[in-house]
Participant: 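First the structure, then my questions, so here it is.
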Amino acid sequence: MAVKGSLPAVGVIVPHLVVRDSAEAANSYTRAFAAKILYRSKSPSGKGEHVHLKVWASLVQISSEEPNQDQHVSNVLASPETLGGSTCVFQIGVPDVDAAYYRAVESGATPTLPPTDMFWGDRYAWVRDPFGHMWALCTPREVLTSDQVAERMQGEFGTEPSISG
């Protein structure tokens, strides 16, 4: 949707999250991730909303799930609450993982993986937002080669990776 002020650059992927209540999701993301609302409108049915957000430097769209509307869309789109889990993780680089994690948790996100220094060089954490979407928060601490990551993984887990890059 090309809306002035929230138009993504060519080639940029913009996640479009389906939630049961987009108004509450927009408020939650504003509290948890300092999101800015760029555009907001009622859905054509009048029962939900469509919202464009800026979350840090990324654009994100959210829409209310409307299972009894427009059958060609409702048959393929569902919220994580309806599905009973999320099918993806949204990873975002942040300046301070610990601060972002605690802000999200204080704003209603469920802690899933506390801030941890990972073998691949990131300070890394996971939270599940109140709508079932998973967010990975990361801050690079070291930039490693694929061989260094493989060596650390083998040292930590005793496994040999089958793919390198």
Side-chain angles (χ1 to χ4, degrees), residues 1-9 11-70 73-74 76-143 156:
M1 173 183 268
V3 175
K4 188 173 184 168
S6 66
L7 187 64
V12 171
I13 295 171
V14 177
H16 188 148
L17 310 181
V18 177
V19 296
R20 286 196 177 156
D21 184 339
S22 60
E24 181 53 36
N27 292 333
S28 178
Y29 297 149
T30 299
R31 291 187 309 270
F33 303 132
K36 305 260 187 282
I37 296 172
L38 304 174
Y39 170 78
R40 178 178 234 150
S41 72
K42 289 282 186 193
S43 63
S45 72
K47 295 180 180 179
E49 273 192 319
H50 179 74
V51 184
H52 291 202
L53 302 170
K54 185 165 190 175
V55 180
W56 290 292
S58 298
L59 297 174
V60 175
Q61 295 180 27
I62 54 177
S63 290
S64 298
E65 176 181 62
E66 298 188 53
N68 297 323
Q69 301 298 318
D70 196 352
V73 173
S74 66
V76 295
L77 297 177
S79 71
E81 296 157 305
T82 296
L83 296 174
S86 183
T87 62
C88 61
V89 176
F90 299 99
Q91 180 173 307
I92 188 154
V94 297
D96 181 343
V97 166
D98 295 78
Y101 174 85
Y102 291 112
R103 179 180 179 157
V105 170
E106 288 171 3
S107 299
T110 301
T112 306
L113 173 68
T116 305
D117 291 326
M118 303 304 276
F119 68 88
W120 60 80
D122 287 350
R123 180 88 173 144
Y124 191 79
W126 274 17
V127 295
R128 181 184 309 275
D129 71 32
F131 314 95
H133 294 285
M134 295 296 297
W135 295 80
L137 309 168
C138 68
T139 302
R141 295 272 173 104
E142 303 174 83
V143 177
E156 189 164 329

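In this text, all values refer to a predicted model and were calculated from it rather than measured experimentally.
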Participant: Taking only residues two or more places apart in sequence or in another chain, which ones pass salt bridge (Lys or Arg N to Asp or Glu O under 4.0 Å) with Glu81?
Facilitator: none
Participant: Just to verify, what does Thr30 make a side chain to side chain donor-acceptor pair (under 3.5 Å) with, not counting sequence neighbours?
Facilitator: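 With sequence neighbours excluded, Thr30 shows a side chain to side chain donor-acceptor pair (under 3.5 Å) to no residue whatsoever.
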Participant: Judged by modelled atom types alone, do Ser63 and His50 share a side-chain donor-acceptor pair under 3.5 Å?
Facilitator: yes
Participant: Give the minimum heavy-atom separation between Ser86 and Gly132, together with the two atoms involved.
Facilitator: CB-O, 3.4 Å
Participant: Do you know which two heavy atoms are closest between Leu59 and Val14, and how far apart they sit?
Facilitator: O-CG1, 3.4 Å
Participant: Grab the two heavy atoms, one from Pro115 and one from Val97, that are nearest each other, plus how far apart they are.
Facilitator: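 Between these two residues, the closest heavy atoms are CB-CG1, 4.0 Å.
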Participant: Residues in side-chain contact (heavy atoms from CB on, under 4.5 Å) with Ala23, at least two apart?
Facilitator: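 In terms of side-chain contact (heavy atoms from CB on, under 4.5 Å), with neighbours along the sequence ignored, Ala23 is linked to Asp21, Arg40, Glu49.
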Participant: Write out all pairs satisfying salt bridge (Lys or Arg N to Asp or Glu O under 4.0 Å) with one or both partners inside residues 24-38, taking only residues at least two apart or from two chains.
Facilitator: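 Every pair satisfying salt bridge (Lys or Arg N to Asp or Glu O under 4.0 Å) with a residue in residues 24-38: Glu24-Arg31.
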Participant: Between Ser6 (side chain) and His52 (backbone), is there a donor-acceptor pair under 3.5 Å?
Facilitator: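 Here the side-chain-to-backbone pair does not exist.
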Participant: Can you give me the closest heavy-atom contact between Ser58 and Ile92, atom names plus distance?
Facilitator: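 Smallest heavy-atom distance, with atoms named: OG-CD1, 4.0 Å.
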Participant: Do side-chain atoms of His133 reach the backbone of Val18 as a donor and acceptor pair under 3.5 angstrom?
Facilitator: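 Here the side-chain-to-backbone pair exists.
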Participant: Tell me, do Thr139 and Val94 make a side-chain contact under 4.5 Å, heavy atoms counted?
Facilitator: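 Yes - at least one pair of side-chain heavy atoms lies under 4.5 Å apart.
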Participant: Mind checking what makes salt bridge (Lys or Arg N to Asp or Glu O under 4.0 Å) contact with Arg123, not counting sequence neighbours?
Facilitator: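 Expected list: Asp98, Asp117.
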Participant: Apply side chain to side chain donor-acceptor pair (under 3.5 Å) to Tyr101 and list each qualifying residue two or more places apart in sequence or on a separate chain.
Facilitator: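 Residues passing side chain to side chain donor-acceptor pair (under 3.5 Å) with Tyr101: none at all.
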Participant: Please evaluate residues Val105 and Val127 with respect to the criterion side chain to side chain contact (heavy atoms under 4.5 Å, CB included), reporting the C-alpha separation (whole Å), side-chain torsions for both, the decisive distance (0.1 Å), and the verdict.
Facilitator: CA-CA 7 Å; Val105 170; Val127 295; 4.1 Å; yes
Participant: Please evaluate residues Met134 and Cys88 with respect to the criterion side chain to side chain contact (heavy atoms under 4.5 Å, CB included), reporting the C-alpha separation (whole Å), side-chain torsions for both, the decisive distance (0.1 Å), and the verdict.
Facilitator: CA-CA 7 Å; Met134 295 296 297; Cys88 61; over 6 Å; no
Participant: Tell me the closest heavy-atom pair linking Ser64 and Gly48, and the distance in Å.
Facilitator: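 Residues Ser64 and Gly48, closest heavy atoms: OG-CA, 3.4 Å.
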Participant: Within the distance-only criterion (no hydrogens, no angle test), does the side chain of Thr116 pair as donor or acceptor with the backbone N or O of Met118 below 3.5 angstrom?
Facilitator: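 Not confirmed, Thr116 side chain does not pair with Met118 backbone.
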Participant: Can you list the residues that meet the side-chain contact (heavy atoms from CB on, under 4.5 Å) rule with Ala25, with sequence neighbours excluded?
Facilitator: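 With neighbours one apart ignored, the set is Val19, Tyr29, Ile62, Phe131.
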Participant: Who pairs with Tyr102 by side chain to side chain donor-acceptor pair (under 3.5 Å), at least two apart in sequence or on another chain?
Facilitator: none
Participant: So which atom in Pro130 and which in Gly108 form the shortest heavy-atom distance, rounded to 0.1 Å?
Facilitator: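 Of all heavy-atom pairs spanning Pro130 and Gly108, the closest is CG-O, 3.5 Å.
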Participant: Using the side-chain contact (heavy atoms from CB on, under 4.5 Å) criterion, which residues pair with Ala136? Sequence neighbours excluded.
Facilitator: Val89, Gln91, Tyr124, Trp126
Participant: For Pro15, what residues pass the side-chain contact (heavy atoms from CB on, under 4.5 Å) criterion, not counting sequence neighbours?
Facilitator: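 Scan of Pro15 (side-chain contact (heavy atoms from CB on, under 4.5 Å), adjacent residues dropped) gives Leu17, Val60, Phe90.
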Participant: With sequence neighbours excluded, tell me which residues meet side chain to side chain donor-acceptor pair (under 3.5 Å) with Arg128.
Facilitator: none
Participant: Tell me, which pairs form a salt bridge (Lys or Arg N to Asp or Glu O under 4.0 Å) where one or both residues lie in residues 100-112, sequence neighbours left out?
Facilitator: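 Found none.
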